[in-house]
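Written below as structure tokens is the structure these notes are about.
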Amino acid sequence: MNLIANFAVLASRRTIFDLPVCDLGWDDALVFINELASIPVGQTVVCFVNAHNMLTALRDDEYYRIMSHNLVLPDGIGLNIASQIAHGSPFPANLNGTDFVPAFLTFMEAPRRIGLIGGERSVVDAAAENFRRHTPWHEFVVVSDGYFDKVDPTDVIEELERQKVDILIVGMGTPLQEKWVHDHIRADHARLVLTVGALFDFVSGAVPRAPRTVRMMRLEWAYRLLQEPTRLWRRYIIGIPVFFFHVLRYRFRRRERILSHPEEHGSALQPQSDRKRAS
């Protein structure tokens, strides 16, 4: 993250397992990220973190380290409950990528050239077409599908350099997409990078969204589980209780640390060793 973005977020973030998560409301987040897209220097990588991603970060030090340098937005009711337990209040808004990215594209009035990487070719092509209908003042370019050599993506990077995009949207699943962006995407490739997971599946229509009423009730996870029980049962049936177990254990251990070392209370980030003890 560039220094300007980092400075601005310092005043509006809270930590979950010591990982800074932006706690801006919906309108403020749109304004803030729109400003980041306009900064002519540096690069900001935006990622969306839910309970499943947080569990992954607890097990994967490299992923955790990369996320700590990104602008992290809270996704889902799990993060809300974790914030309530850790900080006494939920996040101001559920900034999940499936809703936030289309809203952000609409919010940006200045025309941008936007690159897409990830998913099956037919899916990302359909997503790009739907994006064009949604915000025709932007220019959407499919740089690559997600089926390329992740270790040596020379062809993809060369195509990205040729396309000269302002914003890059990468949908390859967590934690692969964040690691790949960290290793290969430079500031001159795109000033703003959005890592979006399965967004292209939803935008293209390949995977249907939950009905609006279900989403308002914060039960989209249950709808997705009913759609894909074989693939998602472990993430939700096992993952959600495990996540809340870690949240509660971390909360009590953090309280013990504060009581035993009051001079450390109030620091934004605790040592990584403390995070490992939470996991």
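What you see below is based on every heavy atom in this structure, not just the backbone, and it leaves out hydrogens, waters and symmetry mates. Note that the structure is predicted; figures quoted are calculated from it, not measured.
None of Gln163, Arg132, Arg112, Arg113 except one satisfies the side chain to side chain donor-acceptor pair (under 3.5 Å) rule with Glu139; the exception is Arg113. Just one residue in the list Leu71, Asn70, Ile66 forms a side-chain contact (heavy atoms from CB on, under 4.5 Å) with Val45, and that residue is Asn70. The side-chain contact (heavy atoms from CB on, under 4.5 Å) test with Phe48 singles out one residue from Leu199, Thr174, Val101, and that residue is Val101.
For an aromatic pair to be called close, the ring centres must be under 6.0 Å apart, and Phe91 with Trp26 fails this.
The structure places CD of Glu62 at 11.0 Å from CD of Glu178, a figure rounded to the nearest 0.5 Å. Expressed to the nearest 0.5 Å, how far CE of Met67 lies from NZ of Lys179 amounts to 11.5 Å. Atom SG of Cys22 and atom CZ of Arg14 lie 10.0 Å apart (nearest 0.5 Å). Of the inter-residue distances, the one linking Ser204 atom OG with Phe131 atom CZ reads 9.5 Å to the nearest 0.5 angstrom. Note that the CZ atom of Phe200 and the CG atom of Asp145 stand 11.0 Å from one another [nearest 0.5 Å]. To the nearest 0.5 Å, atoms CD (Glu120) and OG (Ser122) are separated by 5.5 Å.
Checked by atom type and distance alone, the side chain of Gln43 pairs as donor or acceptor with a backbone atom of Arg186 at under 3.5 Å. Looking at Thr195, its side chain does come within 3.5 Å of a backbone N or O of Val46 through a donor-acceptor pair. Without hydrogens or angle criteria, His87 side chain to Thr15 main chain gives a donor-acceptor distance under 3.5 Å. For His134 (side chain) and Pro102 (main-chain N/O), a donor-acceptor pair under 3.5 Å exists by modelled atom type.
Counting heavy atoms from C-beta on, the side chains of Asp75 and Asn94 come closer than 4.5 Å. Taking 4.5 Å as the limit, some side-chain heavy atom of Phe100 sits within range of a side-chain heavy atom of Ile33. In this structure, Met54 and Ile16 have side chains that are in contact, with non-hydrogen atoms separated by less than 4.5 Å. Counting only heavy atoms from C-beta outward, the side chains of Ile169 and Ile114 approach each other to under 4.5 Å. Inter-residue side-chain proximity for His138 and Thr135 is flagged as met; some heavy-atom pair is nearer than 4.5 Å. Side-chain contact between Phe140 and Leu105 is present, with at least one heavy-atom pair separated by less than 4.5 Å. No side-chain heavy atom of Val196 sits under 4.5 Å from any side-chain heavy atom of Val170. Annotation: side chain of Ile117 is in contact with side chain of Trp180 (closest heavy-atom distance under 4.5 Å).
In terms of hydrophobic clustering, with Ile, Leu, Val, Met, Phe, Trp and Tyr side chains grouped at heavy-atom distances under 4.5 Å, Met108 and Ile39 are assigned to a common cluster. In this structure, Val72 is a member of the same hydrophobic cluster as Leu58, with clusters built from ILVMFWY side-chain heavy atoms closer than 4.5 Å. Under the 4.5 Å side-chain heavy-atom criterion for ILVMFWY residues, no single connected hydrophobic cluster contains both Ile167 and Trp137. Hydrophobic clustering (ILVMFWY, side-chain heavy atoms < 4.5 Å, transitive): Met172 and Tyr147 are in distinct clusters. Side-chain heavy atoms closer than 4.5 Å link hydrophobic residues (I, L, V, M, F, W, Y) into clusters, and following such links, possibly through other members, connects Tyr64 to Leu79.
Ser89 approaches Ser83 most closely through the heavy-atom pair O-OG, 2.7 Å. In plain terms, the two heavy atoms of Leu95 and Ala29 that are nearest each other are CD1-CB, 3.9 Å. Heavy atoms only, all atoms of each residue included: Ala93 and Pro74 are closest at O-CG, 3.8 Å. The two residues Val142 and Ala128 make their nearest non-hydrogen contact at CG2-CB, 3.7 Å. Residues Gln84 and Pro90 share a closest heavy-atom pair of OE1-CD, 3.0 Å. A pairwise comparison of heavy atoms in Ala82 and Phe243 identifies CB-CZ, 3.9 Å as the closest pair.
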With side-chain contact (heavy atoms from CB on, under 4.5 Å) as the test, would you mind laying out the steps for Leu168 and Leu160 before giving the verdict? CA-CA 9 Å; Leu168 181 63; Leu160 180 59; 4.0 Å; yes
For salt bridge (charged side-chain N to carboxylate O under 4.0 Å, His left out), just list the numbers for Asp61 and Arg65, CA-CA rounded to whole Å, side-chain angles, deciding distance to a tenth of an Å, and then say yes or no. CA-CA 6 Å; Asp61 284 344; Arg65 177 179 56 80; over 6 Å; no
Using the side-chain contact (heavy atoms from CB on, under 4.5 Å) rule, take Val242 and Ile238 through it: C-alpha gap first, then chi angles, then the decisive distance, then the call. CA-CA 6 Å; Val242 170; Ile238 296 178; 4.0 Å; yes
Set out, in order, the CA-CA distance, both residues' side-chain angles and the distance that settles side-chain contact (heavy atoms from CB on, under 4.5 Å) for Phe104 and Leu192, then state yes or no. CA-CA 12 Å; Phe104 173 62; Leu192 181 68; 3.8 Å; yes
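Residues Asp99 and Arg209 are paired through a salt bridge, judged by an N-O separation under 4.0 Å between the basic side chain and the carboxylate. Ion pairing of Arg133 with Glu129 is present here, as a side-chain N (NZ or NE/NH1/NH2) and a carboxylate O approach within less than 4.0 Å.
At a cut-off of 3.5 Å, with distance as the only test, no side-chain donor of Thr44 or Arg191 sits close to an acceptor on the other residue.
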